[in-house]
Amino acid sequence: QVQLVESGGGLVQAGGSLRLSCAASGSLFSINALGWYRQAPGKQRELVASITAGGITNYADPVKGRFTISRDVTKNTVDLQMNSLKPEDTAVYYCNGRRLTGTLFNPFEDYWGQGTQVTVSS
């Protein structure tokens with residue numbers, strides 16, 4: 001079993017930076033992809049960035065060039081470096097781990113962190 005715990009959220013002024021960290025209590029070697037999601041008030045949860053076990057990254061358009069996702073399998077951590085933060089980045093950020101099961105009815109097995117609040121003031 002994998003347990004994910006986020007940290008590093010807080011209040012920051014526009015243009016500032018934050019680094020979110022997600023620590024796993026279990027091994028990440030069996031996880032096919034790791035990602036960061038966020039959910040702002042009144043909006044759906046959206047994918048911010050992801051990274052595969054092979055190191056391939058993907059970013060949502062609003063954060064491209066500003067955010068960087070990285071992982072350290074040996075330390076069982078995945079981080080999100082957020083630079084040039086904007087008020088619209090304000091949301092609860094969640095760490096996600098996805099395992100591809102290969103089954104028809106349950107193709108994915110997701111693990112979620114508890115979330116960490118990021119607030120960007122203008």
Can you sort out the partners of [X] under side-chain contact (heavy atoms from CB on, under 4.5 Å), two or more places apart, ordered by chain and number?
X	value
Ser84	Arg66
Val118	Leu18, Leu20, Met82, Tyr93, Val120
Ser7	Ser21
Ser122	Pro87

Tell me the closest heavy-atom pair linking [X] and [Y], and the distance in Å.
X	Y	value
Val78	Trp36	O-CZ2, 3.6 Å
Ala24	Val2	CB-CG1, 4.3 Å
Gln81	Ser17	NE2-CB, 4.0 Å

I need the full list of disulfide bond (SG atoms under 2.5 Å apart) pairs touching [range], with sequence neighbours left out, sorted by first then second residue.
range	value
residues 32-63	none
residues 53-90	none
residues 53-122	Cys22-Cys95

Using a 3.5 Å cut-off and no angle test, enumerate the donor-acceptor pairs between side-chain atoms of residues 39-46 and protein atoms at least two apart in sequence or in another chain.
from	atom 1	to	atom 2	distance (Å)
Gln39	NE2	Lys43	O	3.2
Glu46	OE2	Arg38	NE	2.8
Glu46	OE2	Arg38	NH2	3.4

- Query: Quick one: OG1 on Thr68 to CG on Asn83, what's the gap to the nearest 0.5 Å?
  - Reply: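 With rounding to 0.5 Å, OG1 (Thr68) is 6.5 Å from CG (Asn83).
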- Message: To the nearest 0.5 Å, what is the distance between CG on Leu80 and CG on Leu34?
- Response: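 CG of Leu34 is found 12.0 Å from CG of Leu80.
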Flag yes if [X] and [Y] sit in one hydrophobic cluster, no otherwise; membership is Ile, Leu, Val, Met, Phe, Trp, Tyr, and two members link when side-chain heavy atoms are under 4.5 Å apart.
X	Y	result
Ile51	Phe67	yes
Leu85	Leu11	no
Ile31	Val5	no

- Message: Tell me whether Gln13 contacts the main-chain N or O of Ser121 through its side chain, where contact means a donor paired with an acceptor under 3.5 Å.
- Response: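 Flag not set: sc Gln13 to bb Ser121 has no pair under 3.5 Å.
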- Item | Summary of ring-ring contact (aromatic ring centres under 6.0 Å, His included) pairs that have at least one residue in residues 103-122, sequence neighbours excluded |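 Every ring-ring contact (aromatic ring centres under 6.0 Å, His included) pair that includes a residue of residues 103-122, provided the two are not neighbours, is Tyr37-Trp112.
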Run the side-chain donor-acceptor check on residues 56-65: report pairs under 3.5 Å with partners two or more places apart or on a different chain.
from	atom 1	to	atom 2	distance (Å)
Tyr59	OH	Ile69	N	2.9
Asp61	OD1	Lys64	NZ	3.0

- Task: Would you list the pairs meeting salt bridge (Lys or Arg N to Asp or Glu O under 4.0 Å) in which at least one residue belongs to residues 76-87, sequence neighbours left out?
- Result: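 The answer is Arg19-Asp79.
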- Task: Would you list the pairs meeting salt bridge (Lys or Arg N to Asp or Glu O under 4.0 Å) in which at least one residue belongs to residues 107-122, sequence neighbours left out?
- Result: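 For residues 107-122, and leaving out neighbouring residues, the salt bridge (Lys or Arg N to Asp or Glu O under 4.0 Å) pairs sorted by first residue read Arg98-Asp110, Arg99-Glu109.
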